[in-house]
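For reference, the structure is listed below as structure tokens.
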Amino acid sequence: MASYDFQKIEKKWQEYWQKEQSFKAQVNTSKPKFYALDMFPYPSGAGLHVGHPLGYIASDIVCRFKRTKGFNVLHPMGFDAFGLPAEQYAIQTGQHPAVTTEENINRYKDQLKNIGFSFDWSKEVQTCDPSYYKWTQWIFIQLFNSWYDYDSNKARDIENLVAIFEQSGNASVNAACDEDVVNFTANEWQAFNETQQQGILLKYRLTYLSETTVNWCPDMGTVLSNDEVKDGFSERGGFPVVRKKMSQWSMRITAYAERLLEGLDTIEWPDPLKEMQRNWIGKSIGAEMTLNIDGHDDTITVFTTRIDTVYGLTFMVLAPELDIIKKITTAEQRDEVETYIETAKNKSERDRMTHVKKVSGVFTGAYAIHPFSGEKLPIWAADYVLAGYGTGAVMAVPGGDQRDYDFAKHFDLSILPIYEGMDISEEANPTKEGKIINKGMLEGLTFQEATDRAISFLEEKGIGSKKINFRIRDAIFARQRYWGEPVPIYFKDGTPYPVADEDLPIVLPEIDKYLPTADGDPPLARADNFTYTPKGSTEAYSLELSTMPGWAGSSWYWYRYMDASNDNAFVSDEAKDYWKDVDLYIGGTEHATGHLLYSRFWNKFLCDKGFAKEEEPFKKLVNQGMIQGRSSLAYRINGTNKYVSFSLKDEYDTTKIHVDVSLVENDVLDIEAFKKWRPDLKDAEFILEDERFICGNEVEKMSKRLYNVVNPDDIVSKYGADTLRMYEMFLGPLEQFKPWNTHGIDGVFKFLRKFWRLFHNESDDFVVSNDTPTKEEQKIIHRTIKKVEEDINNLSLNTSVSTLMIAVNELTALKCNKREVLEKLVIALSPFAPHTSEELWEQLGHSGGVSLAKYPDFNESYLTESTHEYPISINGKVRAKIAFAIDKPKDEIEAEVLSHDLVKKWTDGKPPKKIIIVPKRIINVVV
RNA sequence: GCGGAUGUGGCGAAAUUGGUAGACGCACUAGACUUAGGAUCUAGCGCCGCGAGGCAUGGGGGUUCGAGUCCCUCCAUCCGCACCA
């Protein structure tokens with residue numbers, strides 16, 4: 001009996017690939033390059049489940065295919081190794097996160113190697129490795145030493161800004177900077193002392209320190225993200241959380257907002273993903289307008305996208321956080337305003353969001369002057385206005401904006417119509433149609449006319465202008481945690497300075513406990529001597545105590561893969577000039593507004609500074625869908641240790657229990673294994689149907705807790721890596737979310753066995769015929785390689801598995817074991833089932849590996865040449881027959897019509913001159 | 001609320017430009033072979049109907065000789081953003 005011994009075959013070829021370093025990618029300018037990147041995993045303690053490799057398999061298929069097409073392929077893998085879970089584990093166990101991380105990485109690597117990927121492991125990166133984060137720190141310093149010039153629209157050296165300041169002060173500088181910079185002259189600049197100068201420069205740097213409001217949990221000594229806070233308490237532990245201003249490192253990503261938006265039009269990414277980034281960046285075009293406050297020198301500036309509605313403006317609303325409120329509040333309103341501000345301050349962001357519908361606010365007692373009409377507008381404070389967007393103040397136009405309308409109704413403020421005929425009796429009307437009706441300079445104008453007119457009025461009066469606003473915020477770039485890259489900054493007299501390049505990396509120090517100090521300082525404060533002594537100095541200065549956020553290391557890693565062990569640069573010019581950018585990036589959507597946006601930002605920055613070649617790092621991106629778990633459920637009758645089979649469960653009062661999926665096959669529970677699974681199940685009883693116990697199932701996230709995790713190692717040992725690879729592809733379209741179901745895997749396994757058997761006799765000897773293939777056999781093989789090639793090019797890998805199956809079915813029926821057929825089929829199969837392909841390739845007498853073979857060109861003539869006769873029927877009766885040589889679709893060919901009955905119906909009885917057909921169908925008749 | 005996606009047998013799914021809907025696989029049924037297997041092979045398998053035939057791609061409408069595919073509308077599920085002025 002012929003046997004397909006996948007275990008022997010796969011072991012043999014994995015060892016061969018390793019020994020020969022078959023997939024080592026080297027710069028080779030005589031060949032075109034192809035760079036395929038997978039989103040590198042965070043090595044969690046749970047190991048890989050079958051969902052993780054999905055995208056890697058797809059990219060590996062493309063890579064192996066590209067190699068047969070003559071490309072020099074870079075396909076690396078590494079680990080995003082800094083992260084919270086390792087740190088949390090360290091806090092609980094005292095185990096150093098580096099130790100657990102390394103263990104996890106090794107486990108991941110073993111699992112990955114089992115699947116037979118063509119990764120170049122010599123280029124592996126680990127973000128937690130000092131030789132790697134040395135360069136993350138280096139990029140941080142590059143950002144620190146740069147400012148963004150809107151005139152040349154790129155990042156420039158900070159020295160260059162200093163030179164401008166020395167020459168002419170900052171009045172002519174058009175830079176991305178903090179809002180509170182004041183103007184100074186060259187002379188004033190010269191007169192500032194070092195600390196003052198550095199303070200100003202910090203407001204221009206692309207990484208900068210700023211005061212930001214955070215969720216601070218004093219009991220845990222840490223900052224929490226919005227989703228870790230529930231109703232003012234920490235989700236874990238239930239400790240009180242307050243909003244606190246903290247000095248934090250930030251990245252000036254907002255400087256790149258416009259370019260990040262425009263760049264989206266130049267890359268081949270899924271539209272939904274691009275849309276997510278567009279929404280996140282949130283560009284809106286409008287106008288800014290400054291209003292005077294009655295009886296004060298202070299002014300209020302607002303941003304609006306609807307300056308045309310300015311005559312509908314009846315009151316002003318400020319975000320409660322604004323300092324100006326305190327200044328303008330009248331004595332009689334003071335108490336009320338302060339109470340309101342205090343309440344608003346303690347509401348978390350999330351809190352504010354959940355109470356969206358509740359109208360709240362307070363009158364300050366002050367009035368602003370309408371710049372167009374001169375009317376007095378009451379100034380209110382309300383938390384429906386966000387401090388973080390625009391100027392934190394709005395001109396309320398209740399006639400045109402529903403939120404303003406609700407507010408006006410609630411506090412009985414006046415509501416004016418703006419356009420003729422608009423109905424505002426029930427709700428606001430945001431129309432732009434018609435002509436403006438209010439008295440004033442915009443009366444009778446249309447939307448566009450009014451907008452232009454209003455803006456030019458603002459500009460004439462010097463109180464406003466056209467303005468573009470972005471929703472995107474600068475990214476906070478610091479965490480009060482241990483397990484992350486140290487920030488390479490030291491403080492001298494409270495002023496931050498970068499560590500010198502030659503002193504990098506600043507290595508993460510050893511500490512006794514991975515918790516904040518009693519004073520609430522980050523864990524790094526526990527380290528002894530965590531200081532820095534600059535060259536030529538005798539004094540040791542303290543280093544920054546927070547570490548970088550999780551996304552730091554992943555924002556540039558694709559460059560490191562090009563030249564992973566370079567100690568002199570983050571990547572050599574040679575490698576960078578050759579590999580340039582990523583041709584295909586495969587990963588999940590969950591990184592849409594995180595990693596993928598930050599990476600584009602850093603890449604643009606590196607590009608500005610001449611460190612990168614391409615403006616966009618990832619030319620083409622594909623989102624693979626997540627593989628979900630398919631949980632198995634047993635139904636326990638409440639109050640007993642009795643379990644009832646699926647279809648009988650409704651007759652009892654039951655609770656569903658998750659059963660480990662390894663104890664279930666085709667929804668049938670292995671009762672004996674179930675009893676041994678947990679001690680409390682030893683005496684369990686069962687109510688069966690058809691003498692079997694059937695489990696229910698549910699699609700959920702794959703997770704240990706739900707006992708639905710399927711480990712790829714188990715699949716590999718039972719069916720082999722090739723079967724796993726093909727089955728994951730066969731499961732459905734790559735982009736789609738789908739549950740894992742081990743059922744169907746037999747079909748793919750059968751296919752490989754069948755293929756094997758076609759070329760092996762009963763005693764497992766390789767038997768191949770040297771006869772020339774017939775037309776029919778040629779047709780099968782050429783159709784297959786054509787389809788597989790097309791499918792790989794558009795990543796419809798599920799259908800190419802089907803195509804290969806059909807080919808083998810047909811060849812088996814023909815008992816075709818011809819050399820030429822096998823040779824071509826093996827090449828087509830090799831990206832999917834590399835081990836089996838290599839083995840057959842060798843048996844054919846080839847050496848050097850199938851990936852070095854040329855992908856066969858398909859021959860169109862095999863696919864098209866044959867004569868067909870097709871009936872044309874109407875109402876089920878055959879009315880005509882058309883005979884023609886089948887040809888390429890869309891070609892117009894003349895056909896002899898044997899009977900004209902049907903056609904005459906369409907042509908008023910006249911015989912047709914020409915009938916245009918595609919195979920099997922008439923599409924047009926020309927009379 | 002806004003934006004995006006998806007909807008086809010018992011199940012996973014196919015279906016160039018609009019052209020025999022359900023390829024391929026799972027499950028199921030029947031049979032063959034047998035040194036009895038979770039192996040292999042053959043046939044069947046959308047629904048209704050004995051049949052001829054009819055009905056079927058979330059519902060309804062439209063364009064077309066012809067619609068899973070294009071247009072309108074409604075419904076359901078999932079995802080993202082969410083007081084963004």
Side-chain angles (χ1 to χ4, degrees), chain A residues 1-3 270-280 282-284 286 302-307 309 317 319 352-359 382-386 388-397 400-404 406-407 430 469-473 589-590 592-593 623 625-626 665-667 718 726-727 730-733 735-751 753-754 757 787 790 794 796 798-809 812-813 870-874 876 888-890 902-903 905-906 917-925:
Chain A
M1 191 46 140
S3 74
D271 287 331
L273 189 68
K274 287 188 183 180
E275 206 49 41
M276 265 192 241
Q277 290 210 346
R278 283 194 193 102
N279 290 340
W280 191 260
K283 179 178 180 172
S284 59
V302 294
F303 172 74
T304 176
T305 53
R306 293 295 304 275
I307 193 67
T309 64
V317 191
R352 262 165 85 157
M353 285 178 213
T354 46
H355 297 110
V356 164
K357 291 287 168 278
K358 231 164 112 189
V359 178
D383 66 3
Y384 83 90
V385 175
L386 304 177
Y389 183 74
T391 59
V394 301
M395 56 174 238
V397 182
D401 183 285
Q402 192 57 43
R403 293 154 304 171
D404 296 343
D406 294 340
F407 194 81
N469 231 332
F470 292 96
R471 203 170 66 103
I472 191 171
R473 299 273 77 87
T589 18
E590 65 272 22
T593 52
N623 286 128
M626 209 189 292
E665 181 127 12
N666 283 4
D667 291 340
K718 204 165 167 193
M726 291 195 88
Y727 184 56
F730 185 69
L731 225 41
E735 303 81 7
Q736 204 164 292
F737 279 65
K738 56 222 160 205
W740 176 266
N741 187 347
T742 310
H743 285 192
I745 201 165
D746 270 333
V748 171
F749 191 41
K750 262 185 218 165
F751 155 77
R753 280 188 307 215
K754 219 168 173 177
R757 237 185 3 252
K787 179 80 165 93
E790 281 169 2
N794 18 319
S796 339
N798 52 331
T799 52
S800 29
V801 177
S802 294
T803 304
L804 288 160
M805 285 179 175
I806 295 168
V808 167
N809 283 346
T812 303
Y870 288 104
I872 302 164
S873 59
I874 187 159
K888 282 171 239 168
K890 285 182 182 171
L902 172 72
V903 176
K905 276 192 176 170
W906 300 339
I917 61 180
V918 295
K920 302 182 186 180
R921 280 286 177 272
I922 291 182
I923 58 163
N924 197 11
V925 177

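Reminder, nothing fancy here: chain letters follow the sequence lines and each chain counts from 1. Heavy atoms only: backbone and side chains are in, while hydrogens, waters and symmetry mates are out.
- In this view, A:Arg753 satisfies the side chain to side chain donor-acceptor pair (under 3.5 Å) rule with no residue, not counting sequence neighbours.
- Contacts of A:Glu590 classified as salt bridge (Lys or Arg N to Asp or Glu O under 4.0 Å), with partners at least two apart in sequence or in another chain: none.
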Short heteroatom pairs, N/O only, protein and nucleotides 7-10 of chain B, under 3.5 Å:
none

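- With B:C24, B:A13, B:A85 as the choices, the nucleotide that has an atom nearest any side-chain atom of A:Asn809 turns out to be B:C24.
- For A:Asn623, there are no side chain to side chain donor-acceptor pair (under 3.5 Å) partners, not counting sequence neighbours.
- A:Lys274 meets the salt bridge (Lys or Arg N to Asp or Glu O under 4.0 Å) test with no other residue; sequence neighbours excluded.
- Considering only residues two or more places apart in sequence or on other chains, A:Glu790 meets the side chain to side chain donor-acceptor pair (under 3.5 Å) condition with none of them.
- For A:Lys718, there are no salt bridge (Lys or Arg N to Asp or Glu O under 4.0 Å) partners at least two apart in sequence or on another chain.
- Residues forming a side chain to side chain donor-acceptor pair (under 3.5 Å) with A:Asn809 (at least two apart in sequence, or on another chain): A:Lys754.
- Near RNA chain B, meaning a heavy atom under 4.0 Å away, the residues from residues 736-744 of chain A are A:Gln736, A:His743, A:Gly744.
- Applying the salt bridge (Lys or Arg N to Asp or Glu O under 4.0 Å) criterion to A:Asp406, with sequence neighbours excluded, gives no partner residue.
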According to the Watson-Crick and G-U wobble definition with distances under 3.5 Å, which dot-bracket string, read 5' to 3', encodes RNA chain B, using [ ] for crossing pairs and | for pairs with another strand? (((((((..(((......[....))).(((((.(..)..))))).(((....)))..(((((..]....))))))))))))....

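- Judged as a ring-ring contact (aromatic ring centres under 6.0 Å, His included), and not counting sequence neighbours, the contacts of A:Phe407 are A:Phe315, A:Trp380, A:Tyr384, A:Phe411.
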